[in-house]
Each structure stands twice: as structure tokens, then as C-alpha cells.
Amino acid sequence: MILRILVAALLVAVHFLTGYGVLSLLKVKLKPVMHGMLSILLGVAVASILPFLLQLAYIPLTSATVFGTLVGVMLLLNIKVLLSKAKPTLSKSDFSIKMYEWPFVLILTFLVLISIWRCYTLPPTPRDLLSGPETIAEFAVREHSFINSVFGLSLESTNNQFKPPFLTCLQLIYKLAGFPFGQWWLSVIVTSFIIFMYNALKEIVHPILAGALLLFFMAAPEMYGYTFMALFDYANMVFLFLSCYFLFAYFRDKDKQKFYLATLLMAFAVYIRSETLVLAAMLVPAILFTQWQWKESIKQMAITVVIFMVSSFLLYYIPQTFYIKYYLPAQYDVSGLIRSDIFNLQPLWQRFKDMNSELMFSEYGRALWGYIIYVFTIFFVAELVFFKARFTVAARNWLYAVLVVYIGLPVLGFLLPLMDLEHTTKRGLMKILPLMVFYLAHNQILQKITAWLNTFENPAGRVPVSVARPKAQPVPETKKKKKKH
Amino acid sequence: MTATTPNKGRQRLLLAAAVLLAVLIYKMPGNTFWFQTKPFSYYQEFKAVKLSEMTDERMREARYGKHYILANMLVQTLAKDKDVTVLLEPNNYYRQKGIDMTVPEPIVFYYYTSGRMKAVWTNSKDVYKAKYLVRITPQLELAIVPLNSKEDIDKAVAEYKNYPATL
């Protein structure tokens, strides 16, 4: 047990340093806690690609090659950090928690610890995992290849062997590290994400409201289940959310490094669940609209969109088309999965209606997602009524992201009939929850409560550092002209 | 922007407000039910479990249940045979006959047995590789029927033709 904890700590350290290197290369700096958590998340994402790259090069997947590559890539990404004389500085205040934060912090910690415990002790159970990625990873440990004896079995009952290699790679790494059930990487993602979210929310709303919003988010029963049952959807939600977070930070700060980070995070989201490519495309109008407001040239707008979409497309194409076609012994006709009668829109309306009536606004919907969707709806309507729909720019951005998922899921279900309502669309709805939470944080009613709480806490009128809004970092005019993509 | 000296009295009031808000969220009917049936229940499980008893094999048996136990029972029973493939009855057959049983799909069966045995369904292209048919009676008794020829397999498949092999 102690050995496993040590190994786990070592793996987290490797993830952290890998992600830290990525952030250093992209020159993105955040508050220390958020920077650390984002580093870990990026590190896990990079790790989830490396065994796949080894497989593409037909390099046997052994402990030596897999961990050697992990460490090698970690070092390569940190060359700039190692050569740099600047050392990261931390202060006590970076980790300080105020007295009134403790109730929510303790409840959230309890929920996360229980989740970690279950993730560690229970074997993986979701059918989509067992009938594909998990079995491939299990036999890759013995046979040192993802193309192993599993493909010699009768596979008529499943197409999960063709799912993206994200889970297979992470399961392989953690199994090779001595975790028989693998899935402990999920706890790493969940913990880092919750800490990141809490700190990001604290930058926008008062910490009490941040805690309350996060508790509504964590108390979504269906989603909580997926914090200890490894599958694609939780990680996909995390990276889609992070991509939106940095895309909107780019819209706010006009800092192209954040755009590149958003692009990378979206590519990881697509790598985890290939159909996210459609959601990425649905974010393009927001990018174009913002750049049009900035009076960018058509050429510049085109370059931005191409960068955003091509990286996602590559992480869709390589695992889902190239790998399946040229590496796997069994073939998978993706085109056969697309609806043929796309001009008959009745199934689209039906899916949209069913998603709303069955999965969102119903007793079953409440059992799946707790109260977060209702809280979102109430505050959204209240802002429409009391503020005459005059949303802040940030709120509009998050509402747009909510709309992308809200419209995108039925569209995906329509285009790909295999994406059924009961399983795929249901799990896909997880993606909308953090987006709703961040709209809520920008809701003007909660902003007014935040202002009132801040004044109450500091009658002198000074804003405490922990709730200070992040400053926009406008790029100097001279720099702006040079900083074309 | 400057850090302020915290006003302890007001922070205590905010602490009371935070506790009240947390209790209010907890007391929302769906949340109370969820906390009690999931996280608190999981915590009770956590307290009750002894680390020494929590072997990987036990956790698999507890989590995968009948599927896992059946697959490994077959491995033990047919331990002397090498490279065994078994033909499993369709789950639709169990449903229609009211038999409280389901069988895993071939890939999951292979996973459960750690690659020591393969299974096929009646609709599998590899059905002729089967050496035994696994029958389960309504009393959940297990029978392993040898399949010695192609005719035996055809006969077994024909017996289940009205029961499509699905999950």
C-alpha cells in the first residue's frame, strides 16, 4: 500500500513537471495553485498520448519504453525551465484559506477523498471500458502491444476496441506502475480539476459562493459516479471546459498564448472523445466574432481558425482513421455510422425534445444532475428579467459555450444514431455542467452578492487579494502588430 | 491592490453564513437523499472494510459478480483442457425463460479469465471453435456439454435460433 502511494506520488510529480514544461513553453502563467493543477492535468493528457505514439512506431510497450518516454518527454519539455535562471516563487498567501471557506472546503474534500478511495479499490466496471480499452490495456501489459490477442476474439458484440486510445494508454501506464485496476489516474484528474475550478471561481465570485457553486456541481449524482468509474466523459468534460476557459481568457486579454493553450486543450478533448470535433467547430463563430470586433484582417481570422481546428482534427484523424485503417487488424467503417437521410430533421427535434424532457428537466434529470441545471435556469431567467438581458461579455461567452453543448449534443445524436439518448447523450450532458457553473459565477445577481459580501467583509472598501478579479493584460500596440500567428 | 487586515468578527459572521448555506444545500431533498445513499454510505463501507481482506481478487468478485465467478468456475472445471473456447447461451434465452443469469460478451469473458479461456456467442463468426456448450438451468445449475463435431455445434446454434445473442 505504502509502495503504491509512493509510486502514485512519483507519477503525479512526472505529470506535474510535464505539464509545467508545456505551460512554460506556452508562456502561460496563472496563480500558483491553478498553475500547479493545470500542469498536472496537462501532464496527464500528454502521458495519455505517449504509449499511443510508441505503438504507432511499433516500439514494444514495456515498462522501460513507456516510463522512459514519459521521463524523456518531461525532461525535453523542461529544457527551457532548466536553462532559465528565474525560479518560481511561492508565498504562504498562495495557499491560504479563509475561515469562512472551510465549511465548503471540508465538504468538497470529503467528497473527493471518498471518490479517490473508491477509484483506488474498485475494479473498472463500465461496459464501454471493459469491452475495449481496459481489455486491450490489460493484454498490452503482457503482450507489449495494443494490437494484441484481443483482436483475435469474436468482437461482434462491441465496437469499443475502436475507441480513442486515451483510456487504453492511461490504463497501461498505471497498470505498469503497479495499480492492477489502473484507473487511479482518474482521481488525479478529478482532484486537480476540482481544485482548479474552486480557485478559478474564487477569482470571480466571493469564496462562499464559489464553494456553494462547486458543491452544486459535485453533488450531481451521475457525474460524481464518473469521478471513480473510469470512462471518457469526465476527462472530456474537463478538457473541453479548460479549452473554453482559456479561449475566453484570450477573448478578454487578447493574449495569443492563451489561444494556443485553448487550442491544445481542445485537441486533447477531441483526442479523448472524437465527436468533440463538432463542438470545437461550433466554437469557431465565437472566435471569428471576437476577431471581427478586434478588426482583425480576414487572413488573420482564417489563420486563427485553421490553427484551432487543424490541431483538433489531427488528434481526431490520427487515432480514429489513420491508426484504425493502417494498424488495427479489424476494420471500422466510420462513414457507415453517419445518418444517411440528413434532410429528414424529425429525429433531430425528437432528440432535442427528449434531451430536455427526459434528461434535463424531469425527476430523472434531477436524479442525474442534482440541482445545478435548475440553479442555472433560475439565475439565467432572473438575469434576463431584472437586468433586461444585458449580460456581461464574460457571461455571454459562457452562455455561448452552454449553447454549443446544448445544441451540439442533439445534433451529434442526430448525425450519429449510435449515440443513443440513454447512454451517450446522457453522459455527454456532463460537459454542460462546468460551463453552467462559470456562467453562474458571472451572473450579475451573484456578482452583486459578491460585491455586498466583499464590502461587508472589508468595510474600508478595499478588495481582499483572494477575491481580486484577474487583471486584463492588454497587449501593447507595438507588440500587437508583431504578434500575428 | 493591497491586502487588508482580516476583520475576524465579520469573518466569523461569514463563517456562520457559509455553514448555513452548506446546510441549506444539504437539506434540499434530492441532495439529502444522495448524500445519505451515496457518499455517506460509501464512507460507512470504507470504515467497515479491512485492508487485509481487500484483495484484488475479492474486489473483482464483489464488483463483477456472477459473470466473473461463472467465467472463473469454467476455467477451474476445464483446467486440464488447453486452448478452450466455450459456447455461451444467449442472454435473450435466459430472459425469456426467466433464468436469473446473464453471460458476458466474449471480449469481457476473455478479460475475466485473464486470457485463459475464450468464449463465443451463437452469432459469432468463430462459433465453430467452440469445444463445449455452457448450459445454465432455471435452478442455476451449470452443465458443460462437449461439442465434438460441426454437427453438434450446428445443433446447439439451431436450438437457440429464436433467441438473438445480445447483451
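From a predicted model like this one, the values you see are computed outputs, not experimental measurements. Here is the naming used below: chain letters follow the sequence lines, and residue numbers restart at 1 for every chain.
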Problem - Over all atoms of both residues, closest heavy-atom pair of B:I107 and A:G132 - result: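 Heavy atoms of B:I107 and A:G132 come nearest at CD1-N, 4.0 Å.
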
Exercise for the section: Might you point out which heavy atoms bring A:F104 and B:A18 nearest each other, and give the distance in Å? Expected result: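 So the two residues come closest at CE1-O, 3.7 Å.
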
Exercise for the section: Determine, step by step, whether B:F46 and A:L113 satisfy the side chain to side chain contact (heavy atoms under 4.5 Å, CB included) criterion, reporting the C-alpha distance in whole Å, the side-chain angles of both residues, the deciding distance to 0.1 Å, and the verdict. Expected result: CA-CA 11 Å; B:F46 162 73; A:L113 288 177; over 6 Å; no

In the structure I gave you, are the side-chain heavy atoms of [X] and [Y] within less than 4.5 Å of one another anywhere?
X: B:L13; Y: A:Y100; value: no
X: B:R60; Y: A:F181; value: yes
X: A:Y371; Y: B:P29; value: yes
X: B:W34; Y: A:R366; value: no

If you draw a 6.0 Å radius around [atom1] in [X], do more than 12 non-hydrogen atoms from other residues or ligands fall strictly inside?
X: A:Y332; atom1: OH; result: yes
X: B:K129; atom1: NZ; result: no
X: B:K125; atom1: NZ; result: yes

Exercise for the section: Check the pair B:Y111 / A:E134 against side chain to side chain donor-acceptor pair (under 3.5 Å), numbers first and verdict last. Expected result: CA-CA 9 Å; B:Y111 173 73; A:E134 166 66 2; 2.5 Å; yes

Heavy-atom distance under 4.5 Å to chain A: side chain of [X], backbone, both or neither?
X: B:M54; value: side chain
X: B:K38; value: neither
X: B:F109; value: neither
X: B:S114; value: both
X: B:Y64; value: side chain

Measure the spacing between [atom1] of [X] and [atom2] of [Y] and express it to the nearest 0.5 Å.
X: A:L215; Y: B:L21; atom1: CG; atom2: CG; result: 8.5 Å
X: B:R10; Y: A:E457; atom1: CZ; atom2: CD; result: 10.0 Å
X: B:F35; Y: A:Y224; atom1: CZ; atom2: OH; result: 8.5 Å
X: A:E101; Y: B:L15; atom1: CD; atom2: CG; result: 11.0 Å

Practice task
Can you check whether anything in residues 151-163 of chain A gets within less than 4.5 Å of chain B, heavy-atom wise, and list it by number?
Solution key: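 Interface residues of residues 151-163 of chain A: A:G152, A:L153, A:S154, A:L155, A:E156, A:S157, A:T158.
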
Handout entry: For chain B, which residues of residues 114-122 of chain A have heavy atoms nearer than 4.5 angstrom
Key =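 From residues 114-122 of chain A, the residues near chain B are A:I114, A:W117, A:R118, A:T121, A:L122.
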
Practice task
Under 4.5 Å, counting heavy-atom pairs only, tell me which of A:I107, A:V150, A:L209, A:L111 racks up the most with chain B.
Solution key: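 So the answer, after comparing A:I107, A:V150, A:L209, A:L111, is A:L111.
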
Practice task
Look at A:P180, A:A212, A:P221 and state which one has the largest set of heavy-atom pairs under 4.5 Å with chain B.
Solution key: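 Looking at each of A:P180, A:A212, A:P221 in turn, A:P221 comes out on top.
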
Practice task
Mind running side chain to side chain contact (heavy atoms under 4.5 Å, CB included) on A:T135 and B:V108 for me, showing each step along the way?
Solution key: CA-CA 7 Å; A:T135 307; B:V108 179; 5.6 Å; no

Practice task
Could you give me the CA-CA distance, side-chain angles and deciding distance for B:Y42 and A:F110, then say whether ring pair (Phe, Tyr, Trp, His ring centres under 6.0 Å) is met?
Solution key: CA-CA 11 Å; B:Y42 296 156; A:F110 169 74; 9.8 Å; no

Practice task
Decide yes or no on salt bridge (charged side-chain N to carboxylate O under 4.0 Å, His left out) for B:D56 and A:R4, but give the supporting numbers first.
Solution key: CA-CA 14 Å; B:D56 297 339; A:R4 279 188 188 170; 3.7 Å; yes

Handout entry: Contact leader toward chain A among B:V120, B:V23, B:N31, B:V127, where contacts are heavy-atom pairs under 4.5 Å
Key =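 The answer is B:N31.
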
Exercise for the section: Below 4.5 Å from any heavy atom of chain B, which atoms of A:F456 appear? Answer side chain, backbone, both or neither. Expected result: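 Contact with chain B is through both the backbone and side chain of A:F456.
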
Practice task
Carefully, step by step, assess B:L14 and A:L453 under the rule side chain to side chain contact (heavy atoms under 4.5 Å, CB included).
Solution key: CA-CA 8 Å; B:L14 286 174; A:L453 287 170; 3.6 Å; yes

